[in-house]
*Asks:* 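The structure is given below, and queries will be raised subsequently.
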Amino acid sequence: MGEGASFSPLPPLPFGVIIPFTPHFVCHCLFTLLYFLLQQSELNSFLWTIKRDPPSYFFGTIHVPYTRVWDFIPENSKKAFQQSHIVYFELDLTDPYTISALTSCQLLPQGENLQDVLPRDIYRRLKRHLEYVKLMMPSWMTPDQRGKGLYADYLFNAIAGNWERKRPVWVMLMVNSLTEVDIKSRGVPVLDLYLAQEAERLRKQTGAVEKVEEQCHPLNGLNFSQVIFALNQTLLQQESLRAGSLQIPYTTEDLIKHYNCGDLNSIIFNHDTSQVPNFINATLPPHERITAQEIDSYFRQELIYKRNERMGKRVKDLLEEYPEKSFFFPPAAASQTYTRGHNGTIRFLPFLPAPNS
Ligand SMILES: *[C@@H]1O[C@H](CO)[C@@H](O)[C@H](O)[C@H]1NC(C)=O
Ligand SMILES: *[C@@H]1O[C@H](CO)[C@@H](O)[C@H](O)[C@H]1NC(C)=O
Ligand SMILES: *[C@@H]1O[C@H](CO)[C@@H](O)[C@H](O)[C@H]1NC(C)=O
Ligand SMILES: *[C@@H]1O[C@H](CO)[C@@H](O)[C@H](O)[C@H]1NC(C)=O
């Protein structure tokens, strides 16, 4: 699978997770230092051990290039991965069926085009924004990426080539991932994909706890006015960004720093459940704020609670069915954000306490 075309199953949603504006650089430096002092012995925030014989594991992964985080992942997590017999992912991204099913799930019904579906103003602004992205892309790419033979045209087409045929909600997510920072991080497999490739290389048995439809359908289930609202807000945000009047409230860089700090906990896990999408700001008129809140609770319900229940049940069944096997489950840390209650327990697996170190 070409990286450009590689699919990050649930791109970081602009909804639900609010990351404070203040970047925790202090934490980064402090923890980097501690990290080296402790020589990986303690900084193990993302590994949970299910104590049985042999043990099984949960490991919180993240959709960022693995090279940015690999050195910060403690040895015991890597060892847990190596020693497990069976590795489960959210989706099996090494299976061509998964990729094609995800791709077609994102498309509008046969014969429909975005231009027919979107309000004219939105369509025009979307088109203009994508033209801007296409124009800027060569300058966003790093020498390293060019050295690997990754070209702007190729990358743009891999991500946005078929945009006129995509459902508005997927176009919205696509626009969100077409920023300079995200483009710069393309070309290296993201951590969860890398683990999948490693599992394949090590000839481990693999599986998936989710089906494509289970990831795709909830997103397609937002109604038209909600989708248009979300797309409009996303475009407004990108337009402000272009005009230089807005700084993206969080970046992949921050996420990487927090992950490497083992700090996802404090910034994401503890978000207040009443918080609304991060494009919501104080200037939003009341009726739009309500729409934003409705979208937020819809996603919370569909992508967090229902999903946790489903995945939790499957994990439980697997563990019961194969007591002699050692499993390694790497659900994305982003979804673990949702699986953890305020008191640090995992919701869908209440028998798991806080991560062990
Ligand atoms: C979309 O859903 C919201 C919330 O459930 C509802 O208030 C609104 O009327 C719906 N709009 C359409 C066009 O169905
Ligand atoms: C987009 O959002 C702006 C600001 O909230 C609003 O004034 C405008 O009417 C919206 N456009 C569409 C097509 O919904
Ligand atoms: C807040 O929303 C308004 C209108 O939707 C938009 O013009 C402005 O750029 C937004 N500000 C931020 C910081 O997102
Ligand atoms: C922790 O949170 C979970 C789920 O939110 C809840 O069921 C459990 O009772 C809480 N435990 C404590 C000790 O508060």
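All values below come from the heavy atoms of this structure, side chains included, with hydrogens, waters and symmetry mates left out. It should be emphasised that the depicted structure is a prediction, and the values quoted were computed from it without experimental measurement.
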*Asks:* Can you see which heavy atom on Phe81 is nearest to which on Ala199, and at what distance?
*Replies:*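 Where Phe81 meets Ala199 most closely, the heavy atoms are CZ-N, 3.8 Å.
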*Asks:* Please work out whether the ring planes of Phe328 and Tyr57 are parallel, tilted or perpendicular, with thresholds of 30° and 60°.
*Replies:*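 Tilted: the ring planes of Phe328 and Tyr57 meet at 30° to 60°.
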*Asks:* Mark yes or no for whether Gln145, through its side chain, and Ile183, through its backbone, hold a donor-acceptor pair below 3.5 Å.
*Replies:*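 Side chain of Gln145 to backbone of Ile183: a pair is present.
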*Asks:* Does a sphere of radius 6.0 Å around NZ in Lys148 hold more than 12 heavy atoms from other residues, nucleotides or ligands, not counting ones at 6.0 Å or beyond?
*Replies:*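 Yes, enclosed.
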*Asks:* Can you check side-chain contact (heavy atoms from CB on, under 4.5 Å) on Val171 and Leu118, steps first, answer last?
*Replies:* CA-CA 11 Å; Val171 164; Leu118 293 180; 5.9 Å; no
*Asks:* Please report the shortest heavy-atom distance between Ser225 and Asn223, naming the atom on each side.
*Replies:*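 Closest approach of Ser225 to Asn223, heavy atoms only: OG-OD1, 3.1 Å.
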*Asks:* Using modelled atom types and a 3.5 Å cut-off, is there a donor and acceptor pairing between side-chain atoms of Arg186 and backbone atoms of Leu155?
*Replies:*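 Not confirmed, Arg186 side chain does not pair with Leu155 backbone.
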*Asks:* Counting only heavy atoms not in Tyr132, do more than 12 sit closer than 6.0 Å to its OH atom?
*Replies:*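 Yes, the 6.0 Å shell around OH holds more than 12 heavy atoms from other groups.
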*Asks:* Keeping the roles fixed (side chain from Ser326, backbone from Pro55), state whether a donor-acceptor pair exists under 3.5 Å.
*Replies:*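 Present.
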*Asks:* Side-chain heavy atoms under 4.5 angstrom apart, residues restricted to Ile, Leu, Val, Met, Phe, Trp, Tyr: same cluster for Leu231 and Leu107?
*Replies:*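 As far as the 4.5 Å side-chain criterion goes, Leu107 and Leu231 are not connected within one cluster.
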*Asks:* Might you point out which heavy atoms bring Gln106 and Cys216 nearest each other, and give the distance in Å?
*Replies:*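 The pair with the smallest heavy-atom distance is N-SG, 4.3 Å.
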*Asks:* Checking Asp144 against Thr142: is there a side-chain donor and acceptor pair closer than 3.5 Å?
*Replies:*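 No pair is found: no donor N or O on one side chain lies under 3.5 Å from an acceptor on the other.
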*Asks:* Consider only side-chain heavy atoms of I, L, V, M, F, W and Y, link residues closer than 4.5 Å, and tell whether Tyr154 and Met141 are in one cluster.
*Replies:*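 Yes, one cluster joins them.
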*Asks:* Taking Asn113 for the side chain and Asp116 for the main chain, is one N or O donor matched with an acceptor at less than 3.5 Å?
*Replies:*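 Side chain of Asn113 to backbone of Asp116, a donor-acceptor pair under 3.5 Å: no, none is there.
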*Asks:* Tell me if a side-chain donor or acceptor on Asn157 pairs with a main-chain N or O of Asp153 at a distance below 3.5 Å.
*Replies:*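 Side chain of Asn157 to backbone of Asp153: a pair is present.
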*Asks:* When you look at Arg128 and Arg242, which way does the side-chain contact (heavy atoms from CB on, under 4.5 Å) test go after all the steps?
*Replies:* CA-CA 12 Å; Arg128 196 189 311 142; Arg242 255 156 59 193; 4.0 Å; yes
*Asks:* Checking side-chain contact (heavy atoms from CB on, under 4.5 Å) for the pair Trp140/Val133: CA distance, chi angles, key distance, verdict?
*Replies:* CA-CA 9 Å; Trp140 287 351; Val133 169; 4.0 Å; yes
*Asks:* Phe327 and Phe329: ring-ring contact (aromatic ring centres under 6.0 Å, His included), yes or no, with the steps?
*Replies:* CA-CA 6 Å; Phe327 285 87; Phe329 298 101; 5.5 Å; yes
*Asks:* With a sphere of 6.0 Å drawn around CD of Gln205, does it hold more than 12 non-hydrogen atoms of other residues, nucleotides or ligands?
*Replies:*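 No, because the 6.0 Å sphere around CD of Gln205 holds 12 heavy atoms or fewer from other groups.
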*Asks:* How would you list all residue pairs meeting ring-ring contact (aromatic ring centres under 6.0 Å, His included) that involve residues 94-122, not counting sequence neighbours?
*Replies:*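 Output for this query is empty, none listed.
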*Asks:* For atom CZ of Arg68, decide whether the heavy atoms of other residues, nucleotides or ligands shown that lie under 6.0 angstrom number more than 12.
*Replies:*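 No.
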*Asks:* Between the side chains of Arg314 and Asp317, is the shortest nitrogen-to-carboxylate-oxygen separation below 4.0 Å, so that they form an ion pair?
*Replies:*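 Judged by the 4.0 Å cut-off on N to carboxylate O distance, Asp317 and Arg314 do not form a salt bridge.
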*Asks:* Can a donor-acceptor pair be found, under 3.5 Å and without considering hydrogens, that links the side chain of Lys204 to the backbone of Ser84?
*Replies:*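 Yes, Lys204 side chain to Ser84 backbone: donor-acceptor pair under 3.5 Å.
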*Asks:* Show the nearest heavy-atom pair for residues Leu91 and Lys211, with the distance to one decimal.
*Replies:*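 It is CD2-C, 3.7 Å.
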*Asks:* Any side-chain donor-acceptor pair under 3.5 Å between Tyr123 and Glu164?
*Replies:*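 On atom types as modelled, these side chains qualify, holding a pair under 3.5 Å.
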*Asks:* So, does Arg310 use its side chain to make a donor-acceptor pair with the main chain of Glu210 at under 3.5 Å?
*Replies:*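 No; zero donor-acceptor contacts below 3.5 Å.
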*Asks:* Would you say that Thr206 contacts Tyr88 through its side chain, given a criterion of any heavy-atom pair below 4.5 Å between the two side chains?
*Replies:*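 No. Closest side-chain heavy atoms not under 4.5 Å.
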*Asks:* Are the side chain of Thr291 and the backbone N or O of His287 linked by a donor-acceptor pair below 3.5 Å?
*Replies:*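 A pair under 3.5 Å: yes.
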*Asks:* Can you see which heavy atom on Ala152 is nearest to which on Met137, and at what distance?
*Replies:*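 Ala152 and Met137 have their closest heavy atoms at O-CE, 3.8 Å.
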*Asks:* If we ignore hydrogens and angles and just use 3.5 Å, is the side chain of Arg167 paired with the main-chain N or O of Leu108 as donor and acceptor?
*Replies:*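 Judged by distance alone, no pair lies under 3.5 Å.
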*Asks:* Quick one: does any side-chain atom of Lys325 pair with a main-chain N or O of Ile86 as donor and acceptor, under 3.5 Å?
*Replies:*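 Here the side-chain-to-backbone pair does not exist.
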*Asks:* Between Arg201 and Glu198, is there a side-chain N and carboxylate O pair less than 4.0 Å apart?
*Replies:*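 Yes, charged N to carboxylate O under 4.0 Å.
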*Asks:* Between Trp170 and Asn220, does the side-chain contact (heavy atoms from CB on, under 4.5 Å) criterion hold? Intermediate values first, please.
*Replies:* CA-CA 8 Å; Trp170 293 100; Asn220 290 347; 2.8 Å; yes
*Asks:* Can you sort out the partners of Arg203 under salt bridge (Lys or Arg N to Asp or Glu O under 4.0 Å), two or more places apart, ordered by chain and number?
*Replies:*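 Listed in chain order: nothing, the list is empty.
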*Asks:* So, for Leu150 and Gly187, which heavy atoms are closest and what is the spacing to 0.1 Å?
*Replies:*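 So the minimum-distance heavy-atom pair works out to CD2-CA, 3.6 Å.
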